[in-house]
Colleague: 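Let me give you the structure first, and then I'll get to my questions.
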Amino acid sequence: MAATTAKRSKFVVVGGGIAGVTCAEQLASQFPSDEVVLLTAAPLIKAVTNFRQVSKTLEDFDVEEQPSSVLEEKYPNVKVIQSAVKELQAKEHKLQTESGEEFHYEKLCLCSGGRPKLFTWDNPHVLGIRDTDSAQEFQKRLSKAKRIVVVGNGGIALELVYEVEGCEVIWAVKDKAIGNTFFDAGAAQFLIPSLNADKPERALPCKRTRYTTEGAAPTCPPSTDRGACNQSPGLAGELGSALGPDWHEGIELRGAQEVSHRVHVEYQCEVQKVYTREEFTQSRQSPQPSSEPLTDTGLWPVYIQLTNGKIYGCDFIVSATGVTPNTEPFLHGNNFAVAEDSGLRVDDHMRTSEPDVYAAGDVCTACWEPSPLWQQMRLWTQARQMGWFAARCMAADVLDEPIELDFCFELFSHITKFFSYKVVLLGKFNAQGLGQDHELLVRCTKGQEYVKVVLREGRMMGAVLIGDTDLEETFENLILNQMDLSAYGEELLNPNIDIEDYFD
Ligand code: FAD
């Protein structure tokens with residue numbers, strides 16, 4: 001389609017996920033008489049609601065999927081345009097959308113998120129979970145499934161294997177322990193019993209408003225025909241916003257069997273090969289290497305061979321092996337510095353290497369010299385913080401004002417739930433980057449709590465708190481003030497000492 005007359009705006013933000021929406025909101029409230037254009041590929045946008053500052057750095061909030069009109073009503077100077085950006089000409093400060101519209105910007109923030117890193121893209125039996133549509137496709141398939149294989153060891157896999165009921169789950173993880181992205185082996189050990197226990201009843205139904213894109217235009221990239229899009233549900237949701245912390249609430253993840261949890265973990269393995277039923281049957285007719293352990297040969301729609309040699313038949317496979325930043329439409333013809341993990345490199349002002357182009361959320365890689373207690377993780381909270389800070393940096397640049405890196409980048413902090421336990425992660429919670437130069441203190445009460453503290457030269461560098469420990473604020477303070485705790489030794493975790501009083 002030929003481009004129509006270009007529209008000019010001081011601020012253009014790309015992406016209707018948490019990073020993009022937060023950025024647009026902040027810009028709109030700082031510049032009420034300027035128009036902020038939000039370009040997004042998905043029909044719904046994500047908004048932060050019920051924001052709560054739990055402590056100095058810990059924050060908690062709900063996320064709502066909303067029609068873009070809600071944002072436009074709240075901020076009359078925000079204009080949301082639903083069309084994917086297909087090209088950026090950074091030198092000319094110009095963007096083109098799939099629908100043929102052209103936009104000129106003074107300042108641009110790219111918040112296009114990421115998409116699932118599927119281990120294969122062309123297999124209809126392999127799906128990724130990223131957005132509402134792909135979660136619904138997963139639910140639909142699960143309702144008829146007796147066994148699924150989940151590949152991956154990050155947050156999504158962790159939640160999935162726990163949430164799925166009525167279906168056997170084979171969980172293939174590449175590490176020695178589950179949840180390696182978040183936990184050490186000790187915490188994994190603490191959580192493992194929950195995998196095969198009956199799930200506790202949910203206290204309350206999900207209170208958040210949900211919209212679906214059912215009946216809306218397909219979210220496949222326009223270059224992909226509808227057939228191909230339908231074939232691979234991983235692709236189908238490619239340009240939707242990433243789901244958030246409670247994505248599984250409100251959708252029943254139940255398979256076709258009368259069991260609660262049935263999870264089998266295969267450790268230290270990856271995917272070797274995926275067979276269709278026909279390929280598998282044929283391969284069984286030729287002589288097999290005698291060392292290959294065959295785990296299951298019933299009749300299944302698909303078979304997966306793991307690098308430990310085991311083969312499982314299943315109804316379908318979920319690839320939950322992380323995300324790749326959505327950078328493609330922006331790279332061609334421009335000069336972006338791209339990080340090893342494929343994210344757009346940003347400095348401590350959220351600036352990319354292209355003038356007047358900022359980036360925030362899953363699409364970017366923080367390349368400033370980080371605080372010794374912070375690391376980037378592609379999480380909900382960081383998408384919000386980065387979107388908000390990027391807007392403030394754009395504003396500071398426009399107003400020619402100085403701006404310092406925000407305090408939220410001082411200490412990594414994340415609050416979430418895994419296996420129905422409250423989980424708080426602080427600082428270098430897994431001793432990231434500390435090498436051998438650290439010691440650990442652990443307190444664990446089976447089924448109740450797991451507390452781990454990472455110390456270096458007597459100073460607290462990080463902590464993992466699982467369960468209702470009530471220690472987050474005290475530990476956050478101890479990490480932030482870097483007090484020398486050598487004198488306290490193991491007493492630090494003595495359950496009979498009220499540590500809050502102790503350090504008051
Ligand atoms: P996204 O939310 O991915 O939004 C990107 C936006 O850009 C979308 O609106 C998309 O339509 C748009 N877009 C993409 N390409 C284009 C284009 N070319 N043109 C225009 N628009 C475009 N985090 C947690 O903290 N806790 C959790 O428990 C958790 N669980 C998760 C579970 C799942 C299943 C998934 C997938 C993610 C989970 N995350 C979790 C991660 C979290 O959701 C992401 O880190 C966060 O949503 C990233 O926000 P974002 O705004 O950067 O990107």
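Quick note: residue numbers are just sequence positions, from 1. Indexing begins at 1, ligand by ligand and atom by atom, following the structure's order.
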Colleague: Under 3.5 Å, is there a donor-acceptor pair between the D62 and N50 side chains?
Modeller: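 Yes - a donor-acceptor pair under 3.5 Å links their side chains.
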
Colleague: So, using side-chain contact (heavy atoms from CB on, under 4.5 Å) as the criterion, who are the partners of T181 when residues are at least two apart?
Modeller: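 Partners of T181 by the side-chain contact (heavy atoms from CB on, under 4.5 Å) criterion, ordered by chain and then number, come out as M377.
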
Colleague: Are any of the N or O atoms of W380 closer than 3.5 Å to those of ligand 1?
Modeller: yes

Colleague: Quick one: does I18 get an N or O within less than 3.5 Å of an N or O on ligand 1?
Modeller: yes

Colleague: Quick check on contacts: which atoms of ligand 1 are under 4.0 angstrom from a heavy atom of G361?
Modeller: 52 (O)

Colleague: Which atoms of ligand 1 have any heavy atom of P329 under 4.0 Å away?
Modeller: 18 (N)

Colleague: Using a plain distance cutoff, I'd like to know if A383 has any nitrogen or oxygen under 3.5 Å from a nitrogen or oxygen of ligand 1.
Modeller: no

Colleague: At under 4.0 Å between heavy atoms, which part of K46 makes contact with ligand 1: side chain, backbone, both or neither?
Modeller: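 For K46, there is no contact with ligand 1 at all, from either part.
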
Colleague: Hey, which atoms in ligand 1 end up nearer than 4.0 Å to a heavy atom of A42?
Modeller: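 By the 4.0 Å cutoff, the relevant atoms are 11 (O).
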
Colleague: Is the shortest side-chain N to carboxylate O distance from E410 to K56 below 4.0 Å?
Modeller: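 K56 and E410: not salt-bridged.
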
Colleague: Side chain, backbone, both or neither: which part of I156 comes within less than 4.0 Å of ligand 1 when only heavy atoms are counted?
Modeller: side chain

Colleague: May I ask you to list the atoms of ligand 1 that are less than 4.0 angstrom from any heavy atom of R378?
Modeller: 41 (C), 45 (O)

Colleague: Does any pair with a residue in residues 76-119 pass ring-ring contact (aromatic ring centres under 6.0 Å, His included), and if so which ones, sequence neighbours excluded?
Modeller: H93-Y105

Colleague: Which of the numbered atoms in ligand 1 are under 4.0 angstrom from any heavy atom belonging to A19?
Modeller: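 Counting from 1, the qualifying ligand atoms are 51 (O), 52 (O).
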
Colleague: Would you say ligand 1 has an N or O under 3.5 Å from any N or O of G16?
Modeller: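 Yes, there is a polar N/O contact under 3.5 Å.
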
Colleague: Which atoms of ligand 1 have any heavy atom of V14 under 4.0 Å away?
Modeller: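 Matching atoms, with element in brackets: 19 (N), 20 (C), 21 (N).
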
Colleague: Check each heavy atom of H414 against ligand 1 and say whether those closer than 4.0 Å belong to the side chain, the backbone, both or neither.
Modeller: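 Side chain only.
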
Colleague: Does some side-chain heavy atom of P329 sit less than 4.5 Å from a side-chain heavy atom of K86?
Modeller: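 When only atoms from C-beta onward are counted, P329 and K86 do not touch, as no gap falls below 4.5 Å.
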
Colleague: In terms of ring plane angle, is the pair F182 and F418 parallel, tilted or perpendicular, where the classes change at 30° and 60°?
Modeller: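 Tilted, since the angle between the ring planes falls between 30° and 60°.
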
Colleague: Could you measure the distance from the OG atom of S143 to the CZ atom of R141? Nearest 0.5 Å is fine.
Modeller: 11.0 Å

Colleague: Which atom names give the shortest non-hydrogen contact between M386 and G361, and what distance separates them?
Modeller: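 Closest approach of M386 to G361: SD-N, 3.5 Å.
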
Colleague: So F409 and W374, would you call those rings parallel, tilted or perpendicular, with 30° and 60° as cut-offs?
Modeller: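 Perpendicular.
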
Colleague: Would you mind telling me if ligand 1 is within reach of the side chain of C111, the backbone, both or neither, using heavy atoms under 4.0 Å?
Modeller: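 Near ligand 1, C111 shows its backbone, while the atoms from C-beta on stay back.
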
Colleague: List ligand 1 atoms under 4.0 Å from A84, heavy atoms only on the residue side.
Modeller: 19 (N), 20 (C)

Colleague: Could you pull out, from V363, V85, I129, the option with a heavy atom nearest to atom 17 (C) of ligand 1?
Modeller: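 Answer by nearest heavy atom: V85.
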
Colleague: Would you please determine whether E159 falls within less than 4.0 Å of ligand 1 on a heavy-atom basis?
Modeller: yes

Colleague: Once you measure the plane-to-plane angle for F51 and F61, does it fall in the parallel (<30°), tilted (30-60°) or perpendicular (>60°) bin?
Modeller: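 Parallel.
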
Colleague: One thing to verify: whether K107 and D34 come together as a salt bridge, which I'm taking to mean a side-chain N less than 4.0 angstrom from a carboxylate O.
Modeller: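 No, no charged N to carboxylate O under 4.0 Å.
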
